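So the structure is just underneath, and the comments pick up after that.
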Amino acid sequence: MTDEIKLVLFDMDNVLCDYDRGKRVARLAELAGTSNEFVHNAIWDSGFEQLGDSGALDAEDYLRGFGERIGYPLSLDEWVEARRRSMQADRAMLEIAGQLRRTVEIAILTNNTTLVADHIDTLLPELRPLFGSKIYTSAQFKTAKPDPRCFRLCLSELNVKPETALFVDDLAANVAGAREAGLFAHHHSSAATFRQALSERGLLAAG
């Protein structure tokens with residue numbers, strides 16, 4: 001079984017980085033001169049963010065709609081900066097990714113608008129040296145995790161068969177979607193447990 005794995009596919013938020021949406025919301029609320037609750041309701045509770053993640057809105061329409069919903073003409077730079085403030089690299093997970101890339105392919109599949117991939121070097125510059133161009137957002141596939149199509153389209157882009165891929169995500173629903181698509185999958189809780197799971201597959205030395 002261990003020889004089958006040719007790709008380890010990572011989620012980003014709360015896997016490769018700690019993502020604090022509250023910090024992002026607070027910055028957006030500050031810019032818009034409104035409350036955190038208003039911003040959260042306007043973007044996340046309304047389902048608007050899902051429209052961006054699934055590619056139902058292109059980047060331009062997403063950014064314009066974002067500003068309209070929070071009542072402020074949000075610029076791209078302001079959107080990127082608010083997102084950047086919410087992200088902090090998980091050094092232990094990045095170290096694991098660096099070790100894995102010596103023997104298998106590694107890539108990222110994150111539920112996000114294409115703006116995240118386009119500006120990843122500002123948002124989380126630690127990723128590019130490890131993953132190169134293999135940083136994919138769900139929006140580019142016009143669907144989102146946990147839809148099995150999202151995984152299959154990403155793997156098609158990578159020219160990797162599902163049965164040779166291992167996916168890691170912090171959300172159980174996305175893990176289930178990956179398995180439905182034919183991938184192996186790991187429900188992420190910590191770098192230590194992930195390292196242990198990789199060790200058991202012979203993909204990484206324990207310790």
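None of these values were measured; they are calculated from a predicted model.
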With a 4.5 Å cut-off on side-chain heavy atoms, are Met87 and Asp13 touching?
yes
Working to the nearest 0.5 Å, report the span between OG1 of Thr122 and CZ of Arg83.
13.0 Å
Which residue is it: Leu155, Val104, Leu166, Thr164? I am looking for the one with a side chain to side chain contact (heavy atoms under 4.5 Å, CB included) to Leu7.
Leu155
When you look at CD of Glu163, are more than 12 heavy atoms from neighbouring residues, nucleotides or ligands closer to it than 6.0 Å?
yes
Side-chain heavy atoms of Pro146 within contact of Asn174, under 4.5 Å:
yes
Any side-chain heavy-atom pair from Val39 and Trp44 closer than 4.5 angstrom?
yes
Looking at Ile135, Leu109, Ile120, Asn111, which hits side chain to side chain contact (heavy atoms under 4.5 Å, CB included) with Met12?
Ile120
Locate the shortest heavy-atom distance separating Arg179 from Ala185; write the atom from each residue and the value.
NH2-O, 2.8 Å
Just by modelled atom types, is the Arg195 backbone N or O under 3.5 Å from a matching donor or acceptor in the Ser199 side chain?
no
Should Leu130 and Leu158 be regarded as members of a common hydrophobic cluster, given that ILVMFWY residues are connected when their side-chain heavy atoms come within less than 4.5 Å of each other, either directly or indirectly?
no
For Ser75, does its backbone N or O pair with a side-chain atom of Glu78 as donor and acceptor, under 3.5 Å?
yes
Can you tell if the side chain of Glu157 reaches within under 4.5 Å of the side chain of Leu153, non-hydrogen atoms only?
no
Ile96 CD1 to Gln99 CD distance, which is reported to the nearest 0.5 Å:
7.0 Å
Answer whether the closest heavy-atom distance between the side chains of Pro162 and Phe151 falls below 4.5 Å.
no
Atom NE2 of His40 and atom CD of Glu37: how far apart are they, to the nearest 0.5 Å?
10.0 Å
Taking every heavy atom of Ala97 against every heavy atom of Phe10, the minimum-distance pair comes out as CB-CZ, 4.0 Å
Nearest-0.5 Å distance, OH of residue Tyr136 to CD1 of residue Ile108:
10.5 Å
Hey, is Glu95 close enough to Arg91 for a salt bridge, meaning N to O under 4.0 Å?
no
Which atom pair, heavy atoms only, marks the closest approach of Met93 to Ala191?
SD-CA, 3.7 Å
What pairs of residues pass the salt bridge (Lys or Arg N to Asp or Glu O under 4.0 Å) test when at least one of them lies in residues 143-154, not counting sequence neighbours?
Asp11-Lys145, Lys145-Asp169, Asp147-Arg149
Just one of Asp118, Val116, Asn112 clears the side chain to side chain contact (heavy atoms under 4.5 Å, CB included) bar with Thr114, so which one?
Asp118
First locate atom CG of Leu115, then atom OH of Tyr62, and finally report the distance between them rounded to the nearest 0.5 Å.
7.0 Å
Polar side-chain atom of Asp170 near backbone of Val15 as donor-acceptor pair, under 3.5 Å
no
